[in-house]
2 protein chains.
Amino acid sequence: MLELAILGFLYDTPLHGYELRKRIAALTGHVKPVAESTLYPAIKRLEKAGLLARATEPGAVAAPRHVLTLTDAGRRELRHRLTEPDPRDISDENRWFTVLAFLRHLDDAAAQSVVLRRRLAFLEEPASFFYDGDRPLRAEELDDPFRRGILTIARATSRAELTWLRETIASLGG
Amino acid sequence: MLELAILGFLYDTPLHGYELRKRIAALTGHVKPVAESTLYPAIKRLEKAGLLARATEPGAVAAPRHVLTLTDAGRRELRHRLTEPDPRDISDENRWFTVLAFLRHLDDAAAQSVVLRRRLAFLEEPASFFYDGDRPLRAEELDDPFRRGILTIARATSRAELTWLRETIASLGG
DNA sequence: TATTAATACATCGGTATCGAGGTATAGGGT
DNA sequence: ACCCTATACCTCGATACCGATGTATTAATA
C-alpha cells in the first residue's frame with residue numbers, strides 16, 4: 001500500500017521524501033498514518049530495487065533534499081501493480097482506495113475496467129461479518145446493536161460503491 | 001486487531017485455536033485474511049503475557065486441541081482495550097469494526113457511549129483524501145473519475161455511519 | 001487404491017512497520 | 001537568550017506478519 005502510493009505519486013512528477021510524506025499523509029494519513037521511519041526505508045527499498053533514482057539538491061530551508069524520480073522499471077512496476085493488484089488490494093478498502101487513487105495512470109480504459117470488475121465481483125459475493133452456520137446474517141437478525149451497526153454501515157458502503165462501480169464501468173465503454 | 005479479536009471471542013467462551021481461526025476468518029477474513037502462521041504466534045504471545053491459559057484436550061478428529069480460556073487479566077485487558085482504544089482503532093475502519101464487534105462486552109453503557117463518541121468526533125472532522133492546499137476537495141471538483149469514486153464512496157459510508165452513531169448514542173441514554 | 005480435504009497444531013526465514021531517538025538549519029515567538 | 005516549530009533526512013531495536021513448509025489423523029472422493 002505504501003509502496004504503491006510512493007510509485008503513484010512519483011509517476012506524475014519527481015518529489016523529495018519530505019514532500020512525498022506530506023502527500024501520503026493527506027491521502028491516507030487520517031485513516032492509517034504512516035511513520036517517517038516506515039517511509040524512508042520504503043524509499044530505500046524501491047531505490048535498491050531500481051524502481052526509483054535519487055538526486056541530491058540543496059534544501060530550501062534545511063537539510064539537502066533527495067529528489068526521487070521513477071525509473072522506467074519503476075513506471076512499469078506501477079502499471080503492473082495497478083493492472084494486476086494483489087487480492088488484498090481488492091478486498092481491503094484502505095488498499096483498494098490506494099489503487100483507485102492512481103488507477104488513472106493506466107492509459108488503457110479496458111485495463112482500468114478489468115480492475116473495477118474485480119472489485120465488483122468481490123462486492124457481489126454474498127459475505128457478512130456474522131453467520132448462522134454458513135448463512136450470512138442480516139442486520140435485523142442481530143440483537144447486538146454494535147454488530148448491527150457494522151452490517152448497516154457495510155451495507156451502505158457496499159450499495160454506494162456498487163452503484164458507482166457499475167456507472168463507471170459503463171462509462172469506460174465496456 | 002488480531003489480538004483484540006482473539007480476546008473478544010474468548011470473552012464469551014473458551015475455544016481451541018482452530019475454531020478461533022474460523023471465527024476470525026468469518027469476522028474479518030473476507031476483507032483482511034489472517035494467516036495461520038500469524039494466529040498461532042499471536043496466541044502464544046497472549047499466553048506468555050498471562051492473558052489466556054491453555055488446556056490440552058483430545059482432538060475430535062485429528063491432533064489434540066489446545067483449548068484457550070481467558071484469565072482474569074485477559075478479561076481485564078479486553079475491557080481496557082475496548083474502553084480506551086488506540087487512535088488507529090478509531091480511524092481505521094477494519095480496526096474500528098473489530099472494536100464494534102466486541103463492544104457489547106463493556107457492561108457500562110456510558111463507557112460504550114464514550115467510544116462511539118470518539119468515532120463520531122473523528123468522522124465529524126473535515127477530512128478528505130485530496131486537498132487544494134489546506135482545503136479539502138469535494139468529489140465534484142475532481143476530474144479523475146476514480147478519485148471522485150473514492151470521495152463518493154467515503155461520503156456515503158460516512159453519512160450512514162454518522163446516522164447510526166447518533167441514533168445509537170441516543171439510545172444508550174446519553 | 002490413491003489422493004485430496006479437513007482437522008489441528010507448529011516452526012522458520014524474510015520483511016514491513018513502529019516508536020524512540022538522533023542530526024542539522026532557519027525562522028518566529030517570549 | 002531560549003525554545004518551539006518546520007524542514008529534511010536517518011538509524012536502531014522490537015515486533016507483527018506472511019509464505020512456505022512440516023507433522024499427524026480421519027473421512028470422503030475418485
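Chain letters run A, B, ... following the sequence lines, proteins first, then strands; residues in each count from 1.
Rounded to a whole Å, the CD1 atom of Ile43(A) is 13 Å from the P atom of dA8(D). Ile6(A) has its CD1 atom 9 Å from the P atom of dT17(C), to the nearest Å. Look at CD on Glu47(A): it is 13 Å from C1' on dC9(D), rounded to the nearest Å. Whole-Å rounding puts the Leu46(B) CG to dT15(D) P distance at 14 Å. In this entry the distance linking CD1 of Ile24(A) with P of dT17(C) reads 11 Å, nearest Å. For Leu4(B) and dC17(D), the CG to P distance is 12 Å, given to the nearest whole Å. A straight line from NZ of Lys44(B) to C1' of dA8(C) spans 13 Å, rounded to a whole angstrom.
For residues 12-61 of chain B, every residue pair satisfying the ring-ring contact (aromatic ring centres under 6.0 Å, His included) rule, not counting sequence neighbours, is listed here: Phe129(A)-His30(B).
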Show me, pair by pair, the donor-acceptor contacts under 3.5 angstrom made by side chains of residues 54-64 of chain A, not counting sequence neighbours?
| from | atom 1 | to | atom 2 | distance (Å) |
| --- | --- | --- | --- | --- |
| Arg54(A) | NE | Glu47(A) | OE1 | 3.0 |
| Arg54(A) | NE | Glu47(A) | OE2 | 3.2 |
| Arg54(A) | NH1 | His66(A) | ND1 | 2.7 |
| Arg54(A) | NH2 | Glu47(A) | OE1 | 2.9 |

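For Asp72(B) and Arg75(B), the salt-bridge test fails: no basic side-chain N is under 4.0 Å from an acidic carboxylate O. Salt bridge annotation for Arg104(A)-Asp12(A): present, with a cationic side-chain nitrogen under 4.0 angstrom from a carboxylate oxygen. Of the charged side-chain nitrogens involved, none lies within less than 4.0 Å of a carboxylate oxygen, so that Arg148(A) and Glu140(A) do not count as a salt-bridged pair.
Within a heavy-atom distance below 4.0 Å of DNA chain C, no residue of residues 10-22 of chain A is found. Residues from residues 25-41 of chain B with heavy atoms under 4.0 angstrom of DNA chain D, sorted by number: Pro33(B), Ala35(B), Ser37(B), Thr38(B). Scanning residues 79-96 of chain A for heavy-atom distances under 4.0 Å to DNA chain D yields Arg88(A).
Regarding contacts with the backbone of dA16(D), a side-chain N or O of Arg45(B) is found under 4.0 angstrom from either OP1 or OP2. Distances shown here put a side-chain N or O of Arg54(B) below 4.0 Å from the OP1 or OP2 atom of dA10(C).
In this structure, Arg117(B) fails the cation-pi test against Phe122(B), since its NZ or CZ atom is not both closer than 6.0 Å to the six-membered ring centre and inside 45 degrees of the ring normal.
Annotation: side chain to side chain donor-acceptor pair (under 3.5 Å) contacts of Tyr131(A) (sequence neighbours excluded): none. Glu124(B) meets the side chain to side chain contact (heavy atoms under 4.5 Å, CB included) test with Leu120(B), Leu162(B), Arg166(B); sequence neighbours excluded. Here Pro41(A) pairs with nothing under the side chain to side chain contact (heavy atoms under 4.5 Å, CB included) rule; sequence neighbours left out. In this structure Arg23(B) satisfies the side chain to side chain donor-acceptor pair (under 3.5 Å) test together with Glu19(B), sequence neighbours excluded. Listed by chain and number, the residues in a side chain to side chain donor-acceptor pair (under 3.5 Å) with Asp92(B) amount to none (sequence neighbours excluded). In terms of the side chain to side chain donor-acceptor pair (under 3.5 Å) criterion, residue partners of Arg79(A) (sequence neighbours excluded) are, by chain and number, Tyr11(A).
Leu103(A) and Met1(A) end up in different hydrophobic clusters when Ile, Leu, Val, Met, Phe, Trp and Tyr side chains are linked at under 4.5 Å.
For Phe146(A) and Phe102(B), the ring centers are positioned 6.0 Å apart or more.
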Reading 5' to 3' through nucleotides 24-30 of chain D, protein heavy-atom contacts under 4.0 Å coded B for base, S for sugar-phosphate only, - for none: -BS----
